[in-house]
Amino acid sequence: MTSNDDFVLQLLQEQGIVSPEEVESVQGSIRQEGETTLDILIQTGVVSEDDVLALIASQFGMEFVHVDAEAIDPDIVKTVPADVARKYGAVPLVMMDQTVTVALSDPMSYDNVMDGLRYVLAPLDVQAVVAPQKEVKAALEKLFPQSFEDQFGEEGFFDGAVSQKKEGEDGGDDSGDDAPVIRLVSMIISQAVEMHCSDIHLEPMERSMRVRYRIDGVLQQMDNPPKRLQAAIISRIKIMSGMKISEKRIPQDGRIQVKVRGNDLDLRVSSVPTNHGESIVMRILDKSNLQLGLPQLGFLSDDQTKFERLIGLPDGVLLVTGPTGSGKTTTLYACLNQINLPDRKLITVEDPVEYQMSGINQVQVNRDVGLDFSAALRSILRQAPNIVMIGEIRDSETANIAMEAALTGHLVFSTLHTNDAPSAVTRLLDIGVKPYLVASALRAAMAQRLVRQICPNCKREYTPTDRELRMLGALSKGQQTTISKMYKGTGCQTCHKSGYKGRKGIFEIFQVDDTIQRLIFDHAPATELRSRAREMGMRTLREDGMLKVASGMTSLEEVLRATMGDAD
């Protein structure tokens, strides 16, 4: 506990606080490495830490106090530089007549600490009191939080939470002048994973290097590392991801495989040159997402039943639409996960292969050798698959091959970039697919967006305002849904004060029936297709979102944010 336990034990026995028998009884007990007799006496309740510190303080003519960081005046805190407070373990408490009183946890080191403090803080005088070690440590962490520069100027900061599994040939070890930067990059990745962020953004600014994490779809500013470390940080990440560190003029892509807290993760890394250096984005691909099933995506029960029927069809094309970052790939993987059975052959064509799934043949697009989506698709159809997943339909050739594959007995999954589900038909026709192919092959298109879930830990019920009720009534479009109460997150440590934790999807499922087939043959516009789908009972993205507001899953603000372009 202190730097001289024998002296303290003698004092305790002289004062009658503990007996020689009590000391002798624990001296032969089994203890952990570094644990002393005094530590065991305190742990077993023979004596309290407060009694020990009070006794030592009296021997040195010092006062024993308790420290509450919340009660300390911020102006007093400024009297002691952060590095000095951390170095000497001294918490400033009060200031009177040019004398600052500090709390120490180890009075046995009084002389050395006081000499150092008086030298550094001159012309101020310093007076010391004694406080429990836990309280002093907690106060130091709250009043003097460490910056990036502080953390990585110290040896041994990184505790090994992130370990690299595969590294480029130029990768160095964790020693030498680069060690602080290696620990810094490891800490950035480890912290991002612990906060459940989807990607890390390292952006060079004119006078700083900005670090932002995307958490539940929203970018959040983190502490910025020193600008002087920018080049070293970028070089370290490029080495880890197998990029050329000497090439700074063109964009580059790479991958990093790491182990964080025992979990294997893939990071997809992108580097783009900007005015003030290379901008780095690391997308975190968590393999635990592979275990997602359809219920975890956020479907309401009727939509889930409908979608399960669609993915169980023997042939046809099923499209998932939405902008980048709307969860299309996760939905496709959830579909494959559900229908991946031993009696079916599944092949995917992806750019890139984000997750490796057992039991599925996955093909990586490689345009450098002429293996694009269309070339790969032509080849894999000769492999006699039952189910084909195409990462994205981008051109006429790929689209036509996909439609023809559906007509020859394959079930084809793919994605398109459209704002709503019926517009998928218009998009296919615009890129050159014949109307008869679309009408015959397309079974359904599903548009989706991601909305943040209200944090279950701080979720609170509240009565909606009149304005919110009017908005809900206007947005629900005649749905048989009465919302008399709503929910919101008040903000807690679990959700990092945001009020939201995790994301779920809102969906719009457009099914092709005989009437819609005829409309496609006639090259009908998306508005007419949408009207017919609405007559069939299709819920729009916004209507699906309103039902999820009513269920307490998300908030009105989230649905409005995600469906601003939703046509009614």
Side-chain angles (χ1 to χ4, degrees), residues 146-215 219-286 352 354:
Q146 289 185 304
S147 64
F148 276 115
E149 193 160 0
D150 295 326
Q151 292 170 344
F152 296 98
E154 299 173 0
E155 288 300 320
F157 168 80
F158 176 53
D159 63 2
V162 177
S163 61
Q164 189 179 330
K165 291 179 64 182
K166 293 182 180 179
E167 188 168 316
E169 294 180 358
D170 296 331
D173 58 20
D174 287 5
S175 60
D177 295 338
D178 292 335
V181 173
I182 292 171
R183 292 196 301 273
L184 171 53
V185 172
S186 297
M187 191 279 293
I188 290 173
I189 295 172
S190 177
Q191 185 182 51
V193 172
E194 290 176 356
M195 295 178 72
H196 303 286
C197 85
S198 58
D199 41 67
I200 306 167
H201 295 251
L202 304 175
E203 303 161 314
M205 302 287 109
E206 184 176 2
R207 293 185 175 85
S208 65
M209 184 180 192
R210 185 167 65 180
V211 177
R212 295 191 291 175
Y213 293 164
R214 190 180 297 279
I215 303 172
L219 283 171
Q220 296 187 20
Q221 177 78 44
M222 299 292 113
D223 291 336
N224 294 333
K227 178 70 173 178
R228 62 181 176 79
L229 296 180
Q230 175 179 306
I233 291 170
I234 292 173
S235 293
R236 171 63 180 167
I237 293 171
K238 290 174 73 173
I239 288 171
M240 292 174 69
S241 58
M243 298 182 190
K244 297 179 180 178
I245 61 173
S246 59
E247 181 56 77
K248 302 178 181 180
R249 301 165 298 172
I250 59 174
Q252 295 187 70
D253 294 306
R255 291 185 86 113
I256 301 173
Q257 289 184 300
V258 294
K259 185 182 286 290
V260 181
R261 308 299 185 196
N263 296 323
D264 291 325
L265 299 174
D266 285 342
L267 276 67
R268 198 170 78 192
V269 186
S270 171
S271 170
V272 174
T274 67
N275 285 344
H276 304 294
E278 291 172 278
S279 174
I280 299 285
V281 174
M282 292 183 280
R283 184 176 181 188
I284 300 172
L285 305 176
D286 188 348
E354 293 190 354

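On a predicted model such as this, the values are computed, not experimentally measured, just so you know.
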For [X] and [Y], work out which heavy atoms get closest and say how close.
{"X": "Asn224", "Y": "Arg210", "result": "OD1-CA, 3.3 Å"}
{"X": "Ile284", "Y": "Cys197", "result": "CD1-O, 3.6 Å"}
{"X": "Met222", "Y": "Met195", "result": "CE-CE, 4.1 Å"}
{"X": "Ser279", "Y": "Pro204", "result": "CA-CD, 3.7 Å"}

Within a strict 4.5 Å, meaning less than it, do heavy atoms of the [X] and [Y] side chains meet?
{"X": "Lys238", "Y": "Lys244", "answer": "no"}
{"X": "Val269", "Y": "Ile280", "answer": "yes"}
{"X": "Pro251", "Y": "Pro273", "answer": "yes"}
{"X": "Leu267", "Y": "Arg283", "answer": "no"}
{"X": "Pro225", "Y": "Leu184", "answer": "yes"}
{"X": "Ile200", "Y": "Ile188", "answer": "yes"}

Distance (rounded to the nearest 0.5 Å) between [X] [atom1] and [Y] [atom2]:
{"X": "Met243", "Y": "Arg255", "atom1": "CE", "atom2": "CZ", "result": "11.5 Å"}
{"X": "Ile237", "Y": "Ile256", "atom1": "CD1", "atom2": "CD1", "result": "6.5 Å"}
{"X": "Met282", "Y": "Asp199", "atom1": "CE", "atom2": "CG", "result": "10.0 Å"}
{"X": "Gln257", "Y": "Leu265", "atom1": "CD", "atom2": "CG", "result": "10.0 Å"}

Return yes if a side-chain donor-acceptor contact under 3.5 Å exists between Gln191 and Tyr213, otherwise no. yes

Do other residues, nucleotides or ligands put more than 12 heavy atoms under 6.0 Å from the NZ atom of Lys248?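 Atom NZ in Lys248 is not packed in, count stays at 12 or less.
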
Say whether, by atom type as modelled, one donor and one acceptor occur between the side chain of [X] and the main chain of [Y] under 3.5 angstrom.
{"X": "Ser235", "Y": "Ala231", "answer": "yes"}
{"X": "Gln220", "Y": "Ile215", "answer": "no"}
{"X": "Glu247", "Y": "Arg249", "answer": "yes"}

Output, in order, the C-alpha distance, side-chain angles, deciding distance and verdict of side chain to side chain donor-acceptor pair (under 3.5 Å) for Ser271 and Glu278. CA-CA 6 Å; Ser271 170; Glu278 291 172 278; 3.2 Å; yes

With respect to Arg212, which candidate in His201, Glu203, Gln221 satisfies the side chain to side chain donor-acceptor pair (under 3.5 Å) definition? Glu203

